[in-house]
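See below for the structure under consideration.
Letters go in sequence order (proteins before strands), and every chain restarts at 1. Only a predicted model underlies this, so the values are computations on that prediction, with no experimental measurement involved.
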Protein chains: 4
Amino acid sequence: MNKRELIRRTAIEIIAEEGYYNTKVQIIAEQAEIAVGTVYNYFSNKEEILNYIFKVEFDKRLDILKRLKVEAISFKEKLNLFLEEHFQELETNPATTSVLVQESQLPRKHSLKAVDDFINELPELLAEMIESAKKKKEIRDVNSSLIANAIFYTIRGMASKVVLNEHYNFDQTKEELMNLLWCGIKN
Amino acid sequence: MNKRELIRRTAIEIIAEEGYYNTKVQIIAEQAEIAVGTVYNYFSNKEEILNYIFKVEFDKRLDILKRLKVEAISFKEKLNLFLEEHFQELETNPATTSVLVQESQLPRKHSLKAVDDFINELPELLAEMIESAKKKKEIRDVNSSLIANAIFYTIRGMASKVVLNEHYNFDQTKEELMNLLWCGIKN
Amino acid sequence: MNKRELIRRTAIEIIAEEGYYNTKVQIIAEQAEIAVGTVYNYFSNKEEILNYIFKVEFDKRLDILKRLKVEAISFKEKLNLFLEEHFQELETNPATTSVLVQESQLPRKHSLKAVDDFINELPELLAEMIESAKKKKEIRDVNSSLIANAIFYTIRGMASKVVLNEHYNFDQTKEELMNLLWCGIKN
Amino acid sequence: MNKRELIRRTAIEIIAEEGYYNTKVQIIAEQAEIAVGTVYNYFSNKEEILNYIFKVEFDKRLDILKRLKVEAISFKEKLNLFLEEHFQELETNPATTSVLVQESQLPRKHSLKAVDDFINELPELLAEMIESAKKKKEIRDVNSSLIANAIFYTIRGMASKVVLNEHYNFDQTKEELMNLLWCGIKN
DNA sequence: GATGAATGAGATTTCATTCAT
DNA sequence: AATGAATGAAATCTCATTCAT
């Protein structure tokens with residue numbers, strides 16, 4: 001594996017457990033079995049590691065949404081597929097979920113490019129899909145952007161709940177959420 | 001104003017802007033126009049300030065929910081009132097909202113008592129109300145606990161969106177959310 | 001009891017347990033059931049408390065030695081009585097012993113008047129008695145000052161050993177020490 | 001010189017002069033011409049520096065005593081050699097002596113492993129030698145452990161006296177002490 | 001490219017002392 | 001005389017980052 005990727009993955013595991021501010025670059029290096037200096041050959045500073053983590057995840061979700069957007073299926077099916085892929089992803093990488101949820105709430109002043117994209121652009125893309133569904137009367141008249149954000153926050157929140165809590169399982173949660181959201185917006 | 005309260009309020013303003021980890025106790029003291037030592041006469045450490053902030057807000061919301069629980073009105077009205085009071089609250093104290101949202105995602109390892117209560121007990125109380133509504137056939141058959149959490153995450157997320165973003169206003173957001181949630185669970 | 005005395009006695013108990021540097025003026029005040037400010041009405045600073053503790057003990061031992069010096073008994077008996085009274089004293093006030101031993105080793109730079117007196121003047125007085133005994137051929141030819149100091153260090157050291165260690169008892173230690181020292185200097 | 005050793009030696013000089021509690025880690029670093037952080041790369045905290053100082057000296061004296069114990073010479077000669085080596089050592093490193101004497105009296109609660117060893121194990125080893133001499137009738141019937149401790153306290157005390165006081169010289173002190181102790185215990 | 005010892009600014013926390021009541 | 005809340009200088013320790021090897 002290339003070093004940048006190795007560092008990213010190692011960092012995710014530690015940040016998920018400790019949080020970004022309690023994660024020491026030294027520890028990331030140790031866990032990855034490389035020297036601290038090496039980390040700085042691939043990332044200009046600690047923040048950039050977090051930024052890169054978000055960038056990778058942002059790109060993944062951007063792909064999913066772009067692909068869904070043009071597919072010739074109903075919005076309900078699109079929403080269902082989106083949830084499906086999303087929960088699939090986090091079932092595979094619970095640590096990543098933990099990082100995304102924890103660190104996506106940085107205050108404006110210190111926010112990172114990729115984090116900003118993650119919490120602004122992704123909902124915007126979903127909003128466009130909702131707007132289109134609205135025009136096709138697939139769903140009732142809603143404020144698309146607002147609802148898109150609500151959907152994202154719900155998913156993100158439930159994701160963290162599922163990751164942290166042994167009571168819930170992924171499939172059940174996904175189903176229940178799909179029902180809540182779809183009933184909430186359908187015509 | 002008593003010192004403990006002064007420190008709490010000052011800390012909220014700064015943490016909202018800078019985030020907990022970028023907030024220096026020194027700065028809180030300066031802003032509050034007291035000495036650093038004085039802060040430590042009222043809180044045993046920095047963490048305890050954050051914990052107290054959550055405790056105060058937790059208690060407020062606990063009161064609201066307990067009051068609503070026993071009132072002789074429909075669940076729909078209860079949900080509506082809860083959203084109403086909640087958005088009212090955060091319109092008055094946007095900084096507090098910002099803190100609650102940002103810092104409610106500490107990783108388990110370092111989580112604080114009051115933060116834990118905030119994200120676990122409050123949804124649990126709402127879940128009980130949902131369960132009761134379910135039995136009275138006011139709403140459809142849902143996993144109460146799961147839905148309660150979803151509602152909390154949605155509210156919390158949208159709250160931060162409204163606080164950070166000038167596009168949305170409180171009333172409109174509250175209305176739209178009420179529709180989404182109610183349609184999502186009604187019979 | 002007058003306040004100055006109350007503070008002195010309370011301070012001894014705490015310093016014996018914690019050491020001078022780990023003893024907080026606040027704690028002394030609490031233990032004595034007075035306010036911190038009150039401590040500073042009787043002592044100008046923390047150091048002065050320690051100084052006063054030593055002064056009181058210095059005066060006691062000065063009295064003993066001055067009294068012994070002029071008594072019409074053999075040096076052997078004088079030494080015996082000195083050990084007797086000394087070990088008596090520390091059996092009654094083990095905490096005081098602990099303080100005297102611990103804190104009598106401050107480096108020159110920061111030493112206190114009464115501590116200096118304690119470790120210099122007392123041995124000097126004993127030295128005079130030894131010198132006199134030497135002239136009367138009661139003991140062999142020794143360097144009086146040096147032997148006086150040796151005796152003091154031995155006593156002080158053994159005192160702390162006895163206080164800290166349940167193995168040794170006061171009487172036995174006193175006897176054994178008397179033998180060692182007397183055999184060591186007799187003619 | 002390796003850094004750990006450099007820090008140890010620098011710390012000894014400063015602690016000898018100022019005392020442990022008045023010694024700032026910052027100052028040790030400055031004197032050693034390294035950064036504060038570097039000190040903490042070699043010692044996990046300030047206490048550990050003091051502990052290490054005692055450990056090194058403890059080990060030295062342990063070696064001497066173990067060597068003497070098995071040598072085929074009279075106890076008188078052993079005692080003489082021990083005093084010889086001891087006073088030699090402290091003549092070469094007066095600052096070390098100062099530290100050992102000053103800081104060996106930490107209150108139980110805060111005592112360090114190596115300090116404890118220093119004041120307990122070394123006398124115990126000497127006690128074994130005394131016990132053996134007693135059985136061979138080289139000396140009179142004494143409480144070995146008690147006498148061993150008395151000897152150590154005498155030596156330690158006199159060492160500090162010699163270091164602090166220009167009146168006494170090492171050779172004379174050693175001779176006088178040898179006489180006092182040997183006469184004190186011989187048959 | 002890889003290393004990791006060294007750096008030092010800066011953060012948290014302590015605690016002797018003051019002084020208005 | 002007694003009080004104790006307030007003070008703030010100062011100490012310990014951390015950790016992101018650098019750079020010579």
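- Nucleotide F:dT21 is matched to E:dA2 when pairs are restricted to Watson-Crick or G-U wobble geometry with both distances under 3.5 angstrom.
- Relative to the six-membered ring of D:F58, D:K113 misses at least one condition, a distance below 6.0 Å or an angle of at most 45° to the axis.
- Remark: A:E5 engages A:R9 in a salt bridge, criterion side-chain N to carboxylate O under 4.0 Å.
- If you check F:dG8, E:dT18, F:dC13 against the side chain of B:A35, the one that comes closest is F:dG8.
- The listed nucleotides are E:dT17, E:dT7, F:dC13; the one nearest the side chain of D:N41 is E:dT7.
- Closest to the side chain of A:T38, out of E:dA2, E:dT12, E:dC15, is E:dA2.
- In the set F:dT3, F:dT12, E:dA16, F:dT12 carries the atom at the smallest distance from any side-chain atom of D:K24.
- Between the side chains of D:N2 and D:Y42, no donor-acceptor pair is found at a separation under 3.5 Å.
- Of the two residues near DNA chain E, B:E47 and D:I34, the one whose nearest nucleotide lies more 5' is D:I34.
- In this structure, C:S44 reaches neither bases nor backbone, as no heavy-atom distance under 4.0 Å exists between it and the strands shown.
- At the heavy-atom level, A:Y42 lies under 4.0 Å from the strands shown only through sugar-phosphate atoms.
- Using a 4.0 Å heavy-atom distance criterion, A:V36 is classed as a base contact.
- If you check F:dA10 for Watson-Crick or wobble pairing at under 3.5 angstrom, you find it paired to E:dT13.
- If you find the closest nucleotide of DNA chain E to C:G37 and to B:Q26, the one lying nearer the 5' end belongs to B:Q26.
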(request) Kindly determine whether B:N45 and B:Y40 satisfy side chain to side chain donor-acceptor pair (under 3.5 Å), including the steps that lead there. (result) CA-CA 6 Å; B:N45 53 46; B:Y40 284 89; over 6 Å; no
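- Residue contacts for B:F43: at a heavy-atom cut-off of 4.0 Å it reaches no nucleic acid atom on any strand shown.
- E:dG8: Watson-Crick or G-U partner is F:dC15, with both key distances under 3.5 Å.
- Between A:K3 and E:dG1 there is no side-chain N or O to OP1 or OP2 distance below 4.0 Å.
- Under a cut-off of 6.0 angstrom, the local environment of CD in D:Q31 is sparse, with at most 12 non-hydrogen atoms contributed by other residues, nucleotides or ligands.
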